[in-house]
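The structure under discussion appears below in the form of structure tokens.
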Amino acid sequence: MIDLSKKYILDKNITNPSEVVIYTTIVVGFFGLLHFFCDKKCRSPKKINSKLLLFLLLLGFLGYCFNIAFTYSMKLSPDVTLVGMIVSLNIIFLYLGSSIFFEASPKFNFDVFFGLILILIGINIISKKF
């Protein structure tokens, strides 16, 4: 629904991609602050390890950069499914990264990897047919 709503707003030229990113981020930040104040288990940023805080700031920055790139891609692409297909490649990178770098993840399995590739090919075929 979020992606379809963004595409609708951008296709109708209701606003530009920068404003979509800025205002949705402000609203998400507002709900984040509400969650922070309502969640009794959440620690104060002062009590968080500085390395973890730096890592969280980096994650937030990367998430914001992704949001900008994704929103501009939706504006430039005639078909929103093209952008979705590129983002769906994320599952390949997640599988490879988690199986290589994380001990708790299952080891790399070629059958699973091949299955993920087939799923992506299927999504591509379906989006091109309709």
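Residue numbers start at 1 and run along the sequence shown.
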Heavy-atom nearest pair, F108 first then S99, reads N-CB, 3.7 Å
Enter the distance from I92:CD1 to L116:CG here, rounded to the nearest 0.5 Å. 5.0 Å
Can you confirm whether C42 sits close enough to F37 that some side-chain heavy atom of one is under 4.5 Å from a side-chain heavy atom of the other? no
Indicate, with yes or no, if L96 and F102 share a hydrophobic cluster defined by side-chain heavy-atom contacts under 4.5 Å among Ile, Leu, Val, Met, Phe, Trp and Tyr. no
Nearest 0.5 Å, what's the OG1-CG distance between T71 and D3? 8.5 Å
To the nearest 0.5 Å, atom OG1 of T24 lies from atom CD1 of I2 at 9.0 Å
Euclidean distance, I9 CD1 relative to M74 CE, rounded to 0.5 Å: 9.0 Å
Look up atom CG in L62 and atom CG in L57, then write down how far apart they are to the nearest 0.5 Å. 11.0 Å
Heavy-atom donor-acceptor pair, Y95 side chain to N109 backbone, under 3.5 Å: yes
If I compare all heavy atoms of S98 with all of S105, which pair ends up nearest, and what's the gap? O-CB, 3.3 Å
Check the hydrophobic clustering (I, L, V, M, F, W, Y; side-chain heavy atoms under 4.5 Å; chains of links allowed) and say if I14 and V20 are grouped together. yes
Membership question, hydrophobic clusters at under 4.5 Å side-chain separation (ILVMFWY): are I117 and L94 in the same one? no
Just verifying a value: how many Å separate S77 OG and L10 CG, rounded to the nearest 0.5 Å? 11.0 Å
Ignoring hydrogens and geometry, is there a side-chain-to-backbone donor-acceptor pair from K75 to N16 under 3.5 Å? no
In terms of ring plane angle, is the pair F113 and F110 parallel, tilted or perpendicular, where the classes change at 30° and 60°? tilted
